[in-house]
Each structure stands twice: as C-alpha cells, then as structure tokens.
Amino acid sequence: MDFNLPMFLKHPFMEALKNNLRLITAERHSKVNGDTKPRTILPPEGYSCVFDDNFKQPLNTEVWRYGMPWGDFHSGSLHQYYDNDGTLSYVAPEGLILELRNIPKTWKKSELPDWRQTDEMPEEFTIPTGVGFVSTKQTWKYGWIEGFIKLPKGKSYWPAFWLSGLESWPPEIDIFEGYSHIGPSYEGYKLLNRFIKSPNRKIRPNLHYGNIEDGSKDDYGSYDVPVYNCTEKFVQYVCHWEEEFIRIYYDGILVMETTDPKILYWFNKSDAAQYIILNHGLHMDYPKNPDESAMIVKSISVYQKN
C-alpha cells in the first residue's frame with residue numbers, strides 16, 4: 001500500500017489532535033499563571049460591528065425572543081421545556097442568566113397545533129425541568145459571531161451556543177455544545193491522559209448540513225475540546241463564517257475548520273441566513289433530578305465585512 005504521509009497529516013483526526021494539543025498547552029499556561037481571564041482574538045481588519053448586546057439592561061424583546069420560533073419544547077424530547085416568559089431567562093449584574101430549574105409544567109396534546117403532535121405523545125404529559133433559552137429575531141449570513149460565556153457547573157447538562165437556519169433546517173452551526181454527564185466540569189473520556197496528563201472537557205463544535213427529505217443530511221464535528229476553567233470564567237467562543245470557510249475558536253485557539261466545498265455549499269445557499277441561540281440544557285439520556293444552576297452570558301457580538 002502506498003502510504004501517503006502528507007495526506008495522513010491532513011486527516012481530520014490529525015487536525016483535531018493538533019488543535020487539542022494547542023488547547024492543552026494553553027490550559028497548562030493558564031494553570032501555571034493562575035489565569036482566570038479569557039484569552040481573546042479580534043475580528044480581522046475590515047470588519048465592523050453590526051450587532052452587540054452586553055446585557056446591561058433588561059432583555060430587549062424587540063431583539064430577542066424566549067424559546068424557539070416554533071415553540072417551548074421539542075415534541076421528540078419531552079424531558080425539558082424552554083422558558084417562554086423570562087422566568088428562567090433574564091439579565092442580572094453578571095450578564096444574561098439562563099437557569100435550569102425543576103419546575104414541572106403540564107400540557108394537553110389536544111390543545112397543541114396538529115403539527116406539534118406526534119403519535120408517541122401522551123394525551124396529557126408533564127415536563128419536569130425548564131431551561132433558560134433565548135434566540136435572536138434577526139438573522140445573519142457570514143460574519144464573526146462571538147460570545148463570552150461561563151458554563152453551568154453540574155452533571156447531565158447540555159448547554160449550547162449555536163446558529164440555526166430560519167428558512168430551513170439544516171443548516172446549523174454549533175459553536176459549542178457542552179456535555180457534563182461524565183463530570184460537572186465537562187470532563188470527557190481521558191483517552192489523551194494515557195499520553196498527556198491533562199483533563200479533557202466534553203465540549204465541541206459541530207456543523208449540520210444537507211437535506212432530510214432526500215437523505216443527504218450529515219454532520220461535520222470536532223473531537224472533544226479541553227477548555228480550562230470553563231465553569232469558573234467567561235470563555236470567548238467564536239464562529240468565523242465566510243463563503244470559503246467556517247472556523248471555530250475557543251479562548252483564541254482554532255478548534256475546528258472546514259474549507260470543503262461540499263459542506264460549505266449548504267451554508268452558502270441563498271436561504272442559509274441563521275439566527276443565534278443561547279440555551280442551558282438537560283441531556284435527554286440523563287434527565288432525572290438535575291442540580292439547578294445557571295449559564296451566564298456576558299456579551300454577544302456580530303461583525304461583518306465592511
């Protein structure tokens with residue numbers, strides 16, 4: 001077999017490994033220097049701010065909506081509901097607070113629109129846990145989208161900072177999804193610990209693209225990314241999305257990139273504009289008795305080319 005070393009080095013696994021090593025180096029630097037401040041990067045020259053919210057005032061409902069445009073729970077996941085009145089999503093001195101609280105709510109299937117009903121849905125059902133969940137009414141196509149976010153500490157969570165298509169789904173850009181079912185600080189499986197003694201964090205970006213109807217739906221994701229002190233400080237999470245690439249940065253470090261035209265095709269379509277979503281979340285596979293907590297968002301900004 002003709003083993004092509006340069007091609008092997010370009011394999012997604014190798015790219016992910018290099019990015020993880022960069023983050024581990026940065027993590028070690030943070031530990032040694034007692035760093036609790038985020039390492040930030042700036043948008044390239046030629047970009048201007050087109051949206052910015054530092055959450056110094058009560059949530060502007062002209063800009064943000066509670067929950068999703070289509071409702072306050074997912075009909076296929078009746079383990080959590082989304083806040084739709086500001087009870088769990090509100091601004092405090094620390095920033096935008098997105099709580100997870102065990103406040104049961106009951107629905108009747110017959111009172112829901114037909115399109116929200118499923119055959120598996122009981123005639124009456126109670127969802128035990130509510131989560132803070134907001135999304136923008138405005139959409140963007142391309143740009144530098146960044147947020148400074150402190151993740152909630154606890155087990156069984158699924159918080160996220162992501163973009164979703166308004167006209168259709170996919171496309172979707174998950175800037176991060178956090179999974180804390182292994183440990184309260186988003187510990188992941190410590191495969192790398194056999195070689196490098198550093199805690200992994202089960203946080204990762206992901207891209208959804210394709211078409212559900214014709215079976216072309218697929219996703220492109222990263223390996224789990226270590227992010228130091230992600231529950232104790234505000235980390236800068238960035239998506240840089242242009243026609244030629246999509247890049248994701250955590251604390252100033254590139255953690256995922258795609259330049260594949262077959263993937264980017266779906267993000268360059270005329271109807272690919274997306275809105276921003278911020279949510280606390282409960283993992284559907286671990287829904288029982290979660291600790292109540294809060295995800296805190298210090299700011300959200302969008303920059304685009306002049």
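Computation of the quantities below employed the complete heavy-atom set of this structure, encompassing side-chain atoms and omitting hydrogens, waters and symmetry-equivalent molecules.
Taking the six-membered ring for Trp, F73 and F125 have ring centres closer than 6.0 Å. Separation of the F176 and Y237 ring centroids falls under the 6.0 Å cut-off.
Taking a 6.0 Å sphere around CD of E62, one finds it holds 12 or fewer heavy atoms contributed by other residues, nucleotides or ligands. Counted within 6.0 Å of NZ on K153, heavy atoms from surrounding residues, nucleotides or ligands total 12 or fewer; the atom is thus considered open. The local environment of CG in D85 is crowded, with over 12 non-hydrogen atoms from other residues, nucleotides or ligands closer than 6.0 Å.
By the 30° and 60° cut-offs, the orientation of the rings of Y157 relative to H280 is perpendicular.
Annotation for L59 and Y66: closest pair CD2-CE2, 3.6 Å, computed over non-hydrogen atoms. Minimum heavy-atom separation, W158 to H283: CB-N, 3.9 Å. For G252 against I41, the heavy-atom pair with the smallest separation is CA-CG2, 3.5 Å. Residues E243 and N268 share a closest heavy-atom pair of O-ND2, 3.1 Å. Shown here for M295 and N279, the closest heavy-atom pair between the two residues is SD-O, 3.4 Å. The minimum heavy-atom distance linking I173 with Q274 is given by the pair N-OE1, 3.6 Å.
No continuous path of ILVMFWY side-chain contacts below 4.5 Å connects L98 to Y179, so the two sit in separate hydrophobic clusters. L88 is not connected to L278 by any chain of hydrophobic side-chain contacts under 4.5 Å among Ile, Leu, Val, Met, Phe, Trp and Tyr, and they are in different clusters.
Judged purely by atom type and a 3.5 angstrom limit, T136 uses its side chain to pair as donor or acceptor with the backbone of I276. Using a distance-only test at 3.5 Å, with no hydrogens or angles considered, a donor-acceptor pair links the side chain of Y220 to the main chain of E257. Using a distance-only test at 3.5 Å, with no hydrogens or angles considered, a donor-acceptor pair links the side chain of Q80 to the main chain of L282. Of the possible donor and acceptor atoms, one in the side chain of E292 sits under 3.5 Å from a partner among the backbone N and O of N102.
By the 4.0 Å N-to-carboxylate-O rule, K262 lies too far from D218 to be salt-bridged with it. One finds no salt bridge joining R101 and D83 here, because no Lys/Arg side-chain nitrogen approaches an Asp/Glu carboxylate oxygen to under 4.0 Å.
Looking at W144, Y142, Y249, Y47 one by one, the single match for side-chain hydrogen bond (donor to acceptor under 3.5 Å, both in side chains) with H240 turns out to be Y47. Checking I145, D174, L207 one by one against L163, the side-chain contact (heavy atoms from CB on, under 4.5 Å) holds for a single residue, I145.
Side chains of D291 and S293: no donor on one and acceptor on the other come within 3.5 Å.
Counting heavy atoms from C-beta on, the side chains of V225 and P205 come closer than 4.5 Å.
Expressed to the nearest 0.5 Å, how far CD of Q304 lies from CH2 of W140 amounts to 8.5 Å.
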